[in-house]
Participant: 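Just dropping this structure here.
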Amino acid sequence: MRSIRAAAVGAVTMSLALAATACGGGSSTGGGSNDSPKTLTYWASNQGASIEVDKKVLQPELDKFQKQTGIKVKLEVVPWSDLLNRILTATTSGQGPDVLNIGNTWSASLQATGALLPWDAKNFAKIGGKDRFVDSALGSTGATGKDPAAVPLYSMAYALYYNKKIFADAGISQPPATWDELIADGKKISAKGKSVLGAEGGNVSENIHHAFVFAKQHGADFFTSDGKPDFTNDNIVTAVKQYIDLMAKDKVIPTGDAEYAQNQSVSDFAKGKQAMLLWQSASANLKSQGMSDSDYGIAPVPVQSGTPGTGTQVNSMVAGINLAVFANTKNLDGATKFVKFMTSDDEQKILNTAYSSIPPVKTAQQDAAFNTPANSVLKNTLATSAAALPQVASESQFETTVGTAVKNLFADAAAGHPITTDSVKAELEKAQQQMPAA
C-alpha cells in the first residue's frame, strides 16, 4: 500500500463494523447490472507527489480507454487520508464508484463486507487469466481459500534509499545491511551535522508497515494461526520497541519526524537534509521533487543479521495497489473491460513506469524498463524477502489500532518520555482491546 497515506483513525473501526453487518453495497442491490453502459466512475488512489500529478498520469490513459471502447471514465483521485473511510461509507450505503483502487493490505477486510466483486475463475478469464499475475501480488488480494476481492495493479516494496554524497562525506563506503550497522553509520553522519534516517511517525500506515517487518524479523506475528489478535507477546513488544528506539535511544530518527505524516521525510531526503529513507518505490516521487537518480543509491532494508530472505530475514511487506469493482456497479461489462485495460501489458508498463512501481503482471515485469538497478532491488525483495500483511477480516482495524499505538510511542519519544518494555506493551494492549471480538 502506498506509504504516503495516513489512514483516518476516528471512524474506521466503527465504519468497518457497520460495513460488515450491512454486507456491503453489492448485496444491498442484488448484484451488478449494465444499466449505464457508457460511463464508469473510478476512484484512484493518490500515487504521485500530488493529486495533480496523478491526474496528468491517468487522464491520457482514460482517454485512450474511451477511444477504444466508447466508455467515458469519470476520475476522482482520493487522498490516502480519506480513501479507506470513503470506501467503507460506500460499502454501507451502496453508493460507491464502479471501479476503485484499494491498498492491497485492505483486501481481506473489504472482502468481508461483501461489497466487492469476487474474482473467480470466470471473471479472471475475462481479463486474460489469473496466471498472468505474480504470486506475491496475488497473495494480498483477500483471505486464503476465497476468490480474490481485487486484481493487482501496482506492486511495491520497501527499500533503503541513501544519499551518496552524505555517505561519502561521512566516510561510509556502502549502505548498512543490518540495523546495528545503520546505527553505527548514524553516528558518523550525525557528526557531520546531517539527519540520519527519515520516518513518518504520525503516519498510521507507515507505522504498521515497519512494525510488521520488525515483528517478522523477531519471528513474531500479530495474529495467531486461528486469526486472533496477539499484539502483546514478548517478541512483538521487542520488535516495536526496537523500531521506536531508533528515535528514543539510538538517535537516528529525528524527534521532529514524530509529527510527519504526509511525505515530509521524502521531501527532506530529496532536499539533501537526511542521509537515508525507508520508502516504497520512491524514485518517481524523488524525481518530481528535483532529486537526480544519480544522487542516491538503493539497497535492501536492513535485517537483524545476515542477508534478506524468508522467515526472520523478511525486510518488507508486500506493498501495492489492487483494482476492485463494486459488486453493484451499473456497468459490470464496462468495469471488467476497464480492469482488463489497466492490467494489459501496455498499460502496466506505462503506469508502473510513471509511479516507479513494479508491474504485478509477469510479462510486463520482464520489460527492460523494469530492469534498472533500483527496480532490481524492488523485484528481488518482492520475490525473496517480502511478506504479505495478515489477510484477515480485521486487518484494517489492526492497521489503525497498532499504527496509532506506534504513533503514540513516537510522540512519547519525541517528548523525552522513557520508552520501556512496559510502556510499549501498555500501548499494544490498548490497541488489542480496540479490536473486534473474534
Side-chain angles (χ1 to χ4, degrees), residues 1-2 5-46 51 54 62 71-119 123 141-143 146-151 153 204-205 321-336 338-339 392-401 434-436:
M1 190 176 296
R2 193 67 169 173
R5 83 174 189 268
V9 174
V12 168
T13 302
M14 181 65 72
S15 296
L16 190 54
L18 290 171
T21 56
C23 298
S27 55
S28 66
T29 62
S33 69
N34 288 302
D35 294 344
S36 301
K38 293 299 182 181
T39 60
L40 286 171
T41 54
Y42 175 38
W43 287 358
S45 53
N46 178 202
I51 287 175
D54 286 310
L62 305 187
I71 300 171
K72 180 176 178 58
V73 180
K74 300 175 182 178
L75 170 67
E76 182 180 356
V77 180
V78 184
W80 279 109
S81 55
D82 300 334
L83 185 58
L84 182 56
N85 272 349
R86 290 278 301 275
I87 295 170
L88 293 174
T89 299
T91 66
T92 58
S93 69
Q95 302 299 311
D98 298 290
V99 186
L100 70 158
N101 287 8
I102 65 172
N104 64 351
T105 64
W106 301 339
S107 295
S109 293
L110 296 176
Q111 181 181 52
T113 71
L116 302 183
L117 178 76
W119 285 87
N123 283 330
T141 55
K146 295 185 177 181
D147 290 324
V151 174
L153 181 63
V204 171
S205 299
I321 303 300
N322 292 342
L323 197 59
V325 174
F326 259 90
N328 65 348
T329 173
K330 296 299 188 291
N331 190 356
L332 184 58
D333 289 346
T336 305
F338 185 66
V339 173
V392 295
S394 59
E395 199 283 332
S396 293
Q397 296 103 312
F398 156 63
E399 288 196 26
T400 300
T401 58
Q434 295 174 49
M435 294 292 290

Participant: Side-chain contact test, heavy atoms from C-beta onward, threshold under 4.5 Å: evaluate it for Thr39 versus Asp98 and give yes or no.
Facilitator: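 SC-SC contact between Thr39 and Asp98 ruled out.
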Participant: For Ala149 and Ser107, work out which heavy atoms get closest and say how close.
Facilitator: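 Looking at all heavy atoms of both residues, the shortest contact is CB-O, 4.0 Å.
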Participant: Grab the two heavy atoms, one from Leu116 and one from Leu110, that are nearest each other, plus how far apart they are.
Facilitator: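 Leu116 and Leu110 have their closest heavy atoms at CD1-CB, 3.8 Å.
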Participant: Once you round to the nearest 0.5 Å, how far does CD1 of Ile87 lie from OG of Ser109?
Facilitator: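 It comes to 11.0 Å.
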Participant: Side chain of Asn123, backbone of Pro118: donor and acceptor closer than 3.5 Å?
Facilitator: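 Pair found, side chain donor or acceptor close to backbone of Pro118.
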Participant: Does Leu323 reach the side chain of Asn101, with side-chain heavy atoms less than 4.5 Å apart?
Facilitator: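 Yes; the side chains approach each other to less than 4.5 Å.
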Participant: Rounded to the nearest 0.5 Å, what separates atom CG in Asn331 from atom CZ in Phe326?
Facilitator: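 The distance works out to 15.5 Å.
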Participant: Show the nearest heavy-atom pair for residues Gln111 and Ala143, with the distance to one decimal.
Facilitator: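 Answer, listing the atom of Gln111 first, then Ala143: OE1-N, 2.9 Å.
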Participant: Does any part of the side chain of Phe338, heavy atoms only, come nearer than 4.5 Å to the side chain of Val73, both counted from C-beta?
Facilitator: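 Result yes, sub-4.5 Å side-chain heavy-atom pair found.
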Participant: Quick one: which residue pairs count as a salt bridge (Lys or Arg N to Asp or Glu O under 4.0 Å) with a foot in residues 103-113, not counting sequence neighbours?
Facilitator: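 Checked against salt bridge (Lys or Arg N to Asp or Glu O under 4.0 Å) - neighbours excluded - no pair reaches residues 103-113.
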Participant: Any chance you could measure Leu117, atom CG, to Thr336, atom OG1, to the nearest 0.5 Å?
Facilitator: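 The CG atom of Leu117 sits 6.5 Å away from the OG1 atom of Thr336.
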Participant: If we count only N and O atoms by modelled type, under 3.5 Å, do the side chains of Asn104 and Asn322 hold a donor and an acceptor together?
Facilitator: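 Their side chains do not contain a donor-acceptor pair, so the 3.5 Å distance test is not met.
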Participant: If only side-chain N and O atoms count, and only distance matters, is there a donor-acceptor pair under 3.5 Å linking Thr113 with Thr91?
Facilitator: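 The criterion, which ignores hydrogens and geometry beyond distance, is not satisfied for Thr113 and Thr91.
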Participant: Ignoring hydrogens and angles, tell me if any N or O in the side chain of Trp106 forms a donor-acceptor pair with the backbone of Ser396 under 3.5 Å.
Facilitator: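 Absent.
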Participant: Show the nearest heavy-atom pair for residues Ala335 and Val325, with the distance to one decimal.
Facilitator: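 Between these two residues, the closest heavy atoms are CB-CG1, 3.8 Å.
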Participant: Working to the nearest 0.5 Å, report the span between CG of Asn46 and CG of Leu83.
Facilitator: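 Between atom CG of Asn46 and atom CG of Leu83 there are 10.0 Å.
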Participant: Is there a side-chain contact between Trp119 and Val339, using heavy atoms and a 4.5 Å cut-off?
Facilitator: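 SC-SC contact between Trp119 and Val339 confirmed.
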Participant: Is a donor on one side and an acceptor on the other found under 3.5 Å between the side chain of Glu76 and the backbone of Thr41?
Facilitator: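 No, the answer is negative, given that no donor and acceptor are paired below the 3.5 Å cut-off.
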Participant: How long is the gap from CE on Met435 to OG1 on Thr400, to the nearest 0.5 Å?
Facilitator: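 Between atom CE of Met435 and atom OG1 of Thr400 there are 9.0 Å.
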Participant: At their closest point, which heavy atom of Ala90 faces which heavy atom of Gly96, and how far apart are they?
Facilitator: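 Ala90 and Gly96 have their closest heavy atoms at CB-CA, 3.6 Å.
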Participant: So how far is it from Leu40 CG to Lys74 NZ, rounded to the nearest 0.5 Å?
Facilitator: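 The distance works out to 10.0 Å.
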Participant: Could you pull out the closest heavy-atom pair between Glu399 and Val204, with the gap in Å?
Facilitator: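 Where Glu399 meets Val204 most closely, the heavy atoms are O-CG1, 3.2 Å.
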